[in-house]
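Owing to the predicted nature of the structure, the values given are computational and were not obtained by experimental measurement. Note on naming: letters A, B, ... go to the chains in the order of the sequence lines (proteins, then strands), and numbering restarts at 1 for each one.
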Amino acid sequence: MKLVITEKNDAAEKIAALLSEAGKPKKDKVYDTPVYRFTREGEEWVTIGLRGHILAPDFPTELKFTDKQGWFAISSEGEVLPADVPDGLPRPPFKKKKPFLEDGVDIKGWKVPSLPYLVWAPVEKLPAEKGIIRSLKNLAKKADSVVIGTDFDREGELIGSDALAQVLEVNPDVPVSRARYSAYTRGEIEHAFANLVELDQNLADAGESRQYIDLIWGAALTRYLTMARFGGFGNVRSAGRVQTPTLALVVERERERMAFVPQDYWVIGGRACEQGADDDASFKISHAKGRFSVEEEANAAYSHVENATSGTVTAVTKRSRTQRPPAPFNTTSLQAAAAAEGLSPARTMRLAESLYMDGLISYPRVDNTVYPPSLDLRATAKMLAGVPQYAPYVAKLTAEPELHATRGKQFDTDHPPIYPTGVGDPSKLQPAEWKLYNLIARRFLATLSDPATIEGTKLAIDVAGEPFVASGDVLKVPGFRAIYPFGLKRDEQLPALAEGDVVDVRDLSLDAKQTEPPARYSQGKLIQEMEKRGLGTKSTRASIIERLYTVKYLKNDPVEPSQLGMAIIDALHTYAPRITTPDMTSELEQDMTKVAEGTDTQDQVVHHSRALLAGMLDALIEHKDDLGEAIADAVTADARVGTCPKCGRDLVVKSSAKTRGSFVGCMGWPDCDVTYPLPSGVRYEAIEGEAGVCPECGAPRIKCKPFRAKAYEICVNPKCPTNYEPDLKVGECKVCAEAGRHGDLIAHKSERSGKRFIRCTNYDECGVSYPLPARGKLTATDETCPECGAPMIIVETARGPWKKCVNMDCPTNERKTPARGRAAAGKASGAKKAATKKATAKKSAAKKTTAKRSSSKKNSSEAGE
DNA sequence: GCAAGGTC
């Protein structure tokens, strides 16, 4: 039996289909791993797909600190210190209990495990995909020969080399060869298997050097930053060859913005229209000078036109321009286009993976922007007629005798650009999935479409002797824009005017403005910038940006660095500058080339890199205290939500170790005891400036951002009148009155839960209490409910005030009562369950159609070749 | 509780 090992299941399936001589390969499973069996030249073949890297590099378990001992910091004297422990908790006696934590203790011949030694620690490769490895070994035992068919690049060679090591463990004498192909076409695959070569161990070693260097630098610097000032569990401060320069890009832009000195300028603008026309038909005009940099000049010009009500058209110029249809999508351009539609790159990749698995789009991790000749463009376009929204456009497009596709700049043959492979149904896909599918499908059709022709018109208008201009665009030939409206600004249309025409002029004004600092990166732009600088790969960039958000180095979109992010970059820039620039990646690339070419060995390159790191770590350890302080200050600044109304110190968001919840507390604790509760399950943000201080009580106002709901602002003080009237009397207790007592009904707010309720002052005797809505200002009335006699109150929310009976069991509350709420919620959850069921049904249905589709595609591509 | 690179 001949065993072919590929990088992914997809490749195993495709290669089996292309090499099989007697019909379709038989899909089988070894344990849980799909494999494909077929015969060729009288021999049994089987292909198996790995899942990328099956081994992961790591330090020996003795160095991993996987038990409770924590990571370690080094004092300036070079002494091994346990991690800082939050005040009040016992300091574990690490040194005594764990002798190997001492300096100079040998483990496997290495001194461990203080930070400087970590730099020199050995690295092992441990199984990461145990299931795949088990299946691989099972097949390898029975193999007469093995072909490594992983991707044709450095990581592919490494993945193949790791797989080979597993194979040789169980079948040491099996002959092994390497197939090198760069497209899943019959010609390419046949050629690769007819010209098998040896695995390139130098290339695999180059890949492994990359793994080791990334791990050693990342682990040492991450542990250092995390321990320089321990911020509690869950507060890792990470660093790495790609993430740190990426963060530096964002910080650099923020520094430019901070250093920016705005310049004053003035503009004169207004609106004009045909004589007597409506405001709706008016268009924008502006002074031909554009920006006045001298105020007096602007004033002078404005004084001429201030009272003008009409102008004369002095010139009309028209110029047509064409707009070329966009290039096919690769991963980066898809991420950028989707980011402009509000999907983060990481989310885009998760959605794309799901669409790919459902058979709706092609493989989403590609650099290529040129469709291969084997892709049947016409058939794909025709398939999209199955989506009703596209059908009319597809009919027109496919009526053309020939289809020409645009070509992008990047041309590889690994995979085709991202294109639709199935018919998407908006009623079956999640809204975000549909959004992405729609973008991809329309982009595909756009790449086959004609250019758009736009006629631009410029008007010169004389207003009281001052020159004004107006411009407008009209889409003359829509071309691709009829199907692809994304990323384009709307045209402003001008009425048909000729030289000498008189127009009405309105709303002229002189506005003082200031030049803007350079804009922050959008997530899409950041992805593109990373690509330009060689940071990360198409498969990793999205997740690296996401990582920078989870460690709280970045916030908001457009991307903004936190104080912590800026402090980290400042510190590393001073003591370990190599990690903060893309240079490390480009130098690593050069080293990898040397290893691949055999002029340097893996050991030499890794050793050299360790030595560089060791020097930088010495400097970092020397300044551990300064750096720890800078980090602590930055974290405080990030957590700051306002000033303490009692003592004037900073109020910050703190997290309670006991409840795992957050609260606002004063930095002056324990001298100052000011604390405020925070709503749970929402993210919060400080509000800058005056708006961040409650005008009623002086406590901070914060912005709350619930998941997938509208953000709102509140004062953090639950007793603040902006939250509710404290202890408001809403009426008298009827039950008590009937019993001959007096009881007042008072509105309260629980400080613990934040919930509001009404309770009788004689609650212990009568037990009367009513729930209240969570938000909204309450006002008492003199009225009692005509149905049940309970007091009426007014609740004022963002939607306006409404009067209601406080008794939730009262028939007048039936429409808005919690009872109805519960019923509705029950129904909603029932609907959700049904939807889930539907989704599951959809998934399996989609899988079926995928299978059908891929087999029909296979047929057509075979027919085409 | 560390990185970045594959892929699911």
Side-chain angles (χ1 to χ4, degrees), chain A residues 6-12 32-34 49-59 63-72 83 113 115 118-119 121 123 125 128-129 131-132 150-163 204 206-227 230-247 331 349-350 352-358 363-366 414-415 530 534-548 550-551 579 584-585 588-589 592 609 613:
Chain A
T6 66
E7 193 157 321
K8 47 185 167 279
N9 178 50
D10 237 40
D32 272 343
T33 313
L50 306 176
R51 266 195 298 231
H53 295 283
I54 54 170
L55 303 182
D58 211 339
F59 299 109
L63 294 164
K64 273 173 46 183
F65 311 116
T66 47
D67 58 14
K68 289 176 192 142
Q69 66 209 19
W71 295 345
F72 285 76
L115 213 39
L118 182 74
V119 172
V123 179
K125 300 276 286 267
E129 293 287 348
I132 297 271
T150 46
D151 291 357
F152 185 12
D153 53 29
R154 191 167 66 214
E155 295 297 329
E157 211 72 12
L158 172 59
I159 290 165
S161 162
D162 285 346
E208 200 168 68
S209 312
R210 196 272 312 147
Q211 283 189 322
Y212 288 2
I213 291 170
D214 280 344
L215 173 66
I216 294 163
W217 280 74
L221 291 174
T222 300
R223 288 187 190 186
Y224 170 81
L225 291 172
T226 306
M227 292 308 159
F230 187 59
F233 297 98
N235 285 308
V236 172
R237 327 259 188 237
S238 63
R241 174 177 58 83
V242 178
Q243 62 168 265
T244 306
T246 302
L247 174 61
T331 304
M349 292 318 284
R350 282 190 291 271
E353 187 67 41
S354 147
L355 291 173
Y356 167 62
M357 293 316 261
D358 282 352
Y363 189 69
R365 286 182 286 271
V366 289
D414 53 351
H415 295 279
M530 289 173 78
L535 294 173
T537 72
K538 57 187 182 285
S539 315
T540 58
R541 286 182 201 116
S543 62
I544 280 166
I545 292 177
E546 196 173 51
R547 166 102 191 129
L548 291 172
T550 51
V551 294
I579 196 74
M584 185 169 167
T585 293
L588 183 72
E589 285 299 328
M592 298 307 93
S609 187
L613 174 62

Just to be sure I understand the rule, does A:G536 reach a base, reach only the sugar-phosphate, or reach nothing, if contact means heavy atoms closer than 4.0 Å? sugar-phosphate
Atom CG of A:L225 and atom C1' of B:dC2 are separated, to the nearest Å, by 11 Å
Any residue meeting side-chain hydrogen bond (donor to acceptor under 3.5 Å, both in side chains) with A:R547, in chain and number order, not counting sequence neighbours: none
Let's see if you can work this out: which of B:dT7, B:dC2, B:dG5 has an atom nearest to the side-chain heavy atoms of A:K8? B:dT7
Please give, in whole Å, the distance from B:dG5 P to A:E157 CD? 18 Å
Using whole Å, what does the distance between atom P of nucleotide B:dG5 and atom NZ of A:K125 come to? 15 Å
Where the side chain of A:I544 is concerned, which of B:dG1, B:dA4, B:dG6 is the nearest nucleotide? B:dA4
Please give, in whole Å, the distance from B:dG5 C1' to A:L55 CG? 13 Å
Any base atoms under 4.0 Å from A:A56, or only sugar-phosphate, or nothing? Heavy atoms, all strands. nothing
Contact under 4.0 Å: A:T540 side-chain N or O vs B:dG6 OP1/OP2: no
Indicate, with a heavy-atom threshold strictly under 4.0 Å, whether A:G52 touches base, sugar-phosphate, or nothing. base
Residue closer to the 5' end of DNA chain B, A:R241 versus A:H415 (nearest nucleotide): A:R241
Using atom OH of A:Y212 as one end and atom C1' of B:dC2 as the other, report the distance to the nearest whole Å. 17 Å
Minimum-distance nucleotide (side-chain atoms of A:E7 versus B:dG6, B:dA3, B:dG5): B:dG6
Paired with A:H415, the ring pair (Phe, Tyr, Trp, His ring centres under 6.0 Å) test is passed by just one of A:F152, A:Y363, A:Y356, namely A:Y363
A:E155 CD - B:dG6 P separation (whole Å): 5 Å
Candidate nucleotides B:dA3, B:dC2, B:dG6, ranked by approach to the side chain of A:R223 - the nearest: B:dC2
Can you figure out which of B:dT7, B:dG6, B:dA4 approaches the side chain of A:R365 most closely? B:dT7
Side-chain N or O of A:Q243 closer than 4.0 Å to phosphate OP1/OP2 of B:dA3: yes
What integer distance in Å separates A:R51:CZ from B:dG5:P? 21 Å
Output yes when at least one side-chain N/O atom of A:T150 is less than 4.0 Å from OP1 or OP2 of B:dG6, else no. no
Among B:dG1, B:dG5, B:dA3, the one nearest A:V236 by side-chain distance: B:dG1
A:T585 side chain near A:R241 side chain, heavy-atom distance below 4.5 Å: yes
Over how many whole Å does the gap from A:L548 atom CG to B:dA3 atom C1' extend? 12 Å
Minimum-distance nucleotide (side-chain atoms of A:S539 versus B:dA3, B:dA4, B:dT7): B:dT7
Would you say A:R547 reaches B:dC2's phosphate, i.e. side-chain N/O to OP1/OP2 under 4.0 Å? yes
Tell me what A:N9 touches on the nucleic acid: a base, only sugar-phosphate, or nothing, going by heavy atoms under 4.0 Å. sugar-phosphate
Taking the side chain as everything from C-beta on, heavy atoms only, tell me whether A:I213 gets closer than 4.5 Å to A:M584. yes
Considering only heavy atoms from C-beta outward, does the side chain of A:R350 approach that of A:E546 to under 4.5 Å? yes
Those residues that, when tested against A:Q211, pass side chain to side chain contact (heavy atoms under 4.5 Å, CB included) (two or more places apart): A:H53, A:P57, A:K125, A:L158, A:E208
Looking at A:Y363, I'd like to know whether one of its side-chain N or O atoms comes within less than 4.0 Å of OP1 or OP2 on B:dT7. yes
